[in-house]
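First up is the structure itself, then whatever we jot down about it.
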Amino acid sequence: MLHKTLIAAAALCVLTAGPADARKKDGLSGFEPTLPLARPAAPAAPTGGIFNVSAGYAPLYEGNRARMVGDPVTILLVEATTASKAVSSKSQKSGGASIIPPTAGPLSFLNPDALKASSSSTFNGQGTAGQTSSLASTLSVTIAEVRPNGTALVKGEKQMLLSQGDEWVRFSGIIRLSDIDQENAIFSSRVADAKIEYSGKGALQRASRQGWLGKFFNMISPF
């Protein structure tokens with residue numbers, strides 16, 4: 001009975017594992033190039049002519065622009081972002097109270113100065129944040145899906161193996177096929193739902209990160 005339970009639990013884990021888990025296990029990033037769809041092989045009837053559509057044909061009104069799954073498209077990455085924010089707040093509050101004791105009677109011994117009280121509070125806070133980022137590069141991706149409304153999903157990556165580590169640029173988004181120019185290029189500003197990832201790993205990336213002991217002390221420090 002125990003063996004059956006273990007087998008059932010293992011099968012449930014395999015079934016519930018999502019595509020992201022499978023990609024991570026296989027070492028895939030999800031930005032791999034998409035290959036063109038394989039056409040079914042059909043015997044070509046001999047026509048006696050030298051023109052053959054299956055050997056490659058581009059209509060005169062379309063040219064050689066990318067329009068099918070697997071066709072490469074060049075993305076011109078021209079990204080610039082500037083953001084700034086400033087916050088300022090100030091508050092002030094004060095109050096006072098005094099009691100004058102009677103000059104005669106059992107409470108005449110009280111000192112009038114000892115029955116005075118006052119309070120005040122002041123708060124002044126300021127905050128400023130700013131961020132500027134820019135990215136200029138060229139990346140060729142492939143068409144992964146062509147949709148009926150004239151748009152297409154593109155994705156791809158560029159990997160560079162350097163002497164001090166690895167770097168990669170990954171890109172995915174939705175483009176309009178009519179925005180592709182004669183050079184099969186399109187600006188990244190014309191890409192909808194664009195996802196850009198520029199990162200790397202190696203000695204330089206490790207040197208630019210804070211060590212685990214410093215992160216620990218910053219986490220528990222109250223200052």
Side-chain angles (χ1 to χ4, degrees), residues 13 16-21 23-25 28-31 75-139 141 151 153-160 162 164-175 186-223:
C13 292
T16 55
D21 298 335
R23 290 196 301 265
K24 184 177 181 181
K25 181 179 180 181
L28 303 178
S29 62
F31 292 87
I75 305 295
L76 304 178
L77 296 175
V78 183
E79 298 291 332
T81 303
T82 302
S84 61
K85 182 178 181 181
V87 179
S88 177
S89 61
K90 182 178 181 180
S91 63
Q92 185 175 1
K93 182 179 180 181
S94 61
S98 63
I99 299 177
I100 300 176
T103 57
L107 300 179
S108 59
F109 67 93
L110 295 177
N111 187 2
D113 295 333
L115 299 178
K116 294 181 180 180
S118 63
S119 64
S120 63
S121 62
T122 303
F123 172 78
N124 187 7
Q126 294 181 352
T128 303
Q131 179 179 356
T132 301
S133 61
S134 62
L135 176 62
S137 179
T138 303
L139 174 66
V141 298
T151 62
L153 172 65
V154 296
K155 64 178 182 177
E157 63 180 346
K158 178 193 293 185
Q159 297 186 6
M160 294 163 285
L162 307 177
Q164 296 295 329
D166 302 339
E167 291 188 1
W168 60 80
V169 182
R170 293 168 178 170
F171 184 90
S172 68
I174 300 174
I175 66 173
I186 183 174
F187 285 98
S188 60
S189 58
R190 290 181 171 266
V191 181
D193 195 22
K195 298 179 181 179
I196 306 173
E197 178 182 340
Y198 177 59
S199 183
K201 60 181 179 179
L204 296 179
Q205 283 72 22
R206 289 194 299 268
S208 62
R209 298 190 183 99
Q210 189 179 20
W212 62 268
L213 187 59
K215 293 181 180 179
F216 172 76
F217 283 112
N218 286 336
M219 182 176 60
I220 64 175
S221 175
F223 304 101

**Report entry** Criterion side-chain contact (heavy atoms from CB on, under 4.5 Å) on Lys90 and Asn124, from CA distance to verdict
**Finding:** CA-CA 4 Å; Lys90 182 178 181 180; Asn124 187 7; 4.2 Å; yes
**Report entry** Check against side-chain contact (heavy atoms from CB on, under 4.5 Å), Glu197 and Trp168
**Finding:** CA-CA 8 Å; Glu197 178 182 340; Trp168 60 80; 3.2 Å; yes
Query - Derivation of the side-chain contact (heavy atoms from CB on, under 4.5 Å) call for Ile75 and Thr138 - result: CA-CA 6 Å; Ile75 305 295; Thr138 303; over 6 Å; no
Report task. Step by step, work out the side-chain contact (heavy atoms from CB on, under 4.5 Å) result for Leu77 and Val169. Result -> CA-CA 10 Å; Leu77 296 175; Val169 182; 4.0 Å; yes
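Atom NZ of Lys85 sits about 11.0 Å away from atom OG1 of Thr128, to the nearest 0.5 Å. Atom CZ of Arg190 sits about 11.5 Å away from atom CD1 of Ile175, to the nearest 0.5 Å. In this structure, Lys93 NZ and Ser119 OG are separated by 7.5 Å, a value rounded to the nearest 0.5 Å.
Distance alone, capped at 3.5 Å, is enough to place a donor-acceptor pair between the Ser188 side chain and the Val78 backbone.
Taking both residues in full, the closest heavy atoms of Glu157 and Leu139 are given as C-CD1, 3.8 Å, listed atom of the first, atom of the second, then distance. When every heavy atom of Thr122 is checked against every heavy atom of Gln92, the shortest pair comes out as OG1-CG, 3.8 Å.
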